[in-house]
Amino acid sequence: MFTQPDRRHFLRVASAGALVGLGDLGFLSKLRPVSADETKLDPKLVRLHADIEPLVQLVEDTPRQKLLEEMGAKIKNGLSYREVLAALLLAGVRNIAPRPNVGFKFHAVMAVNAAHQASQSSPAEHRWLPLFWALDNFKSSQATNIKETGWRMSPVKEDHVPIASKARDEFVKAMENWDEESADAAAAGLARSAGSNECFEVFARLGCRDFRDIGHKIIYVASAFRVLQNIGWQHAEPVLRSLAYALLQHEGDNPAQRDGDPDRPYRRNVKFISTFKSSWADGKSDGESTKSLLATLRSGTDGDAAGQVVDMLNKGVSPQSVWDGLLLCGGELLMRQPGIVGLHTLTTANAFRYCYETTANDDTRKLLMLQLASFLPLFRKAMTSRGAVGEMRIDEMKPDMPKGEPWRIEDVFADVGKDRAAAAGKALGFIHGTHEPKKLIDAARVLIFLKGTDSHDYKFSTSVLEDYDHVSPAWRDRFLAASTYWLKGSSAKDSDLVKRTRAALA
């Protein structure tokens, strides 16, 4: 495990523009640093907590071309990081519908946590930039939402909200019946009567139950609860209502009344839970079992993969060896077809891993592993409809080791975005030659700050850079090298947002 980012090293990397084309983030010094500890209404519109409502309205109503300047002025006058983060999430859930897909414009909501995590991993004086990006991203999605439907979250029907003692049961029943109106009212009741841990347990299981929207449902569960941990549970009600609405997205008629393809893995895996031995979590690390799981994930069905996970754990293989196989498979699928489906294997795996580490329920932990194992072959199948899928194998990746001195950071990122295989080989060679993967991670994060233009840039980079530490030491360098298939290279142009932010703060 790495220690906290070394501020002096990060600043040297950020200032050494000649090394990897990182540019200059010095303009951010015009805003006060963020400390590590900070982290009249329309009656048809849901009301938010009184202390955050004015700021959310400012975010909603300020034109996109003026919002950064308005927020910059307020930050200089004392507006806190936590307040900006809360306003971002709440403006998103009130103004952007997670329909018809939990994706596309709705990424402005799901990427708030990614921006926050990027901020947390940065030195204090750089922590505003990801949030400025997220503010601008919200305005873009808000405009799309207005153009499409004009949807905004309305007040809950108070006479339908269940009493505290019945809120959880009513919510679970409504969600199992795919009953949107009842689920909305029950979600409000749950937020008002239950704590964050209880609510998380319910939503984690619901978020992993179907493969619709290529993993975005579980991604939203993880990201929503992670942000709520930082902004305060007093803001939970509109977030949980939005989350319930997203999780109920489906095609065709009521899924509870049919045997749909997206629902079969969950129904099967719920039954698999009872086949786990009581000692399932006590196994030992086994690299050969990890390779065997990878082989199954390459060619087997979702049922084959889930069945092998049960067999591994019951034979005394550690859960970590299972997770190694699942995360490595995500990296390999990205290598085989860099694109929207491939990158979501890793953002989805990250959400599953977070939920696995956060839940206190053993059955939920088992189910999360089984569901991710089932999702990965479904991702593989989805990729085949988008074109050719390569044959690369992450466990056979070879480091590119130059004669003499090892590769430099700038050598690696010069190839990122141009020659993916070469970049991955150089990245692995750099790590093997220098034994300093943290330098690679720091440079990758700065490049996202400077050149990231899309929600996926933040979601993907945040996921893989976090999950590096979730992979066993024997495999993690390959996992990190595979991420170069979708990271930003030094030759990419700086985002217009960086230029706008620099000008706004000059």
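- There is a side-chain donor-acceptor pair under 3.5 Å between Asn269 and Gln371.
- In this structure, His216 and His107 have perpendicular ring planes: the angle between them is above 60°, well past the 30° mark.
- Checked by atom type, the side-chain pair Glu201/Thr359 shows a donor-acceptor distance below 3.5 Å.
- Applying the ring pair (Phe, Tyr, Trp, His ring centres under 6.0 Å) criterion to Tyr266, with sequence neighbours excluded, gives no partner residue.
- Phe171 meets the ring pair (Phe, Tyr, Trp, His ring centres under 6.0 Å) test with Phe203; sequence neighbours excluded.
- Atom CG of residue Leu228 and atom NE2 of residue His235 lie 8.5 Å apart, to the nearest 0.5 angstrom.
- With Arg258 contributing its side chain and Asp253 its backbone, the two residues share a donor-acceptor pair below 3.5 Å.
- Residues passing the ring pair (Phe, Tyr, Trp, His ring centres under 6.0 Å) test with Phe106 are Tyr220, sequence neighbours excluded.
- Sorted by first and then second residue, the pairs that involve residues 224-233 and meet salt bridge (charged side-chain N to carboxylate O under 4.0 Å, His left out), not counting sequence neighbours, are Arg226-Glu466.
- In terms of the side-chain hydrogen bond (donor to acceptor under 3.5 Å, both in side chains) criterion, Ser495 has no residue partners (sequence neighbours excluded).
- A side-chain donor-acceptor contact under 3.5 Å links Ser374 and Arg268.
- Counted by atom type alone, Asp304 and Thr301 present one or more donor-acceptor pairs between their side chains at under 3.5 Å.
- Among the candidates Leu90, Ile231, Asn113, the single residue satisfying the side-chain contact (heavy atoms from CB on, under 4.5 Å) test with Leu85 is Ile231.
- When ring centroids are compared, His116 and Tyr81 come within the 6.0 Å threshold.
- Within the structure, salt bridge (charged side-chain N to carboxylate O under 4.0 Å, His left out) pairs that include any residue of residues 132-150 comprise Arg64-Asp136, Lys105-Glu148, Asp136-Arg500 (at least two apart or interchain).
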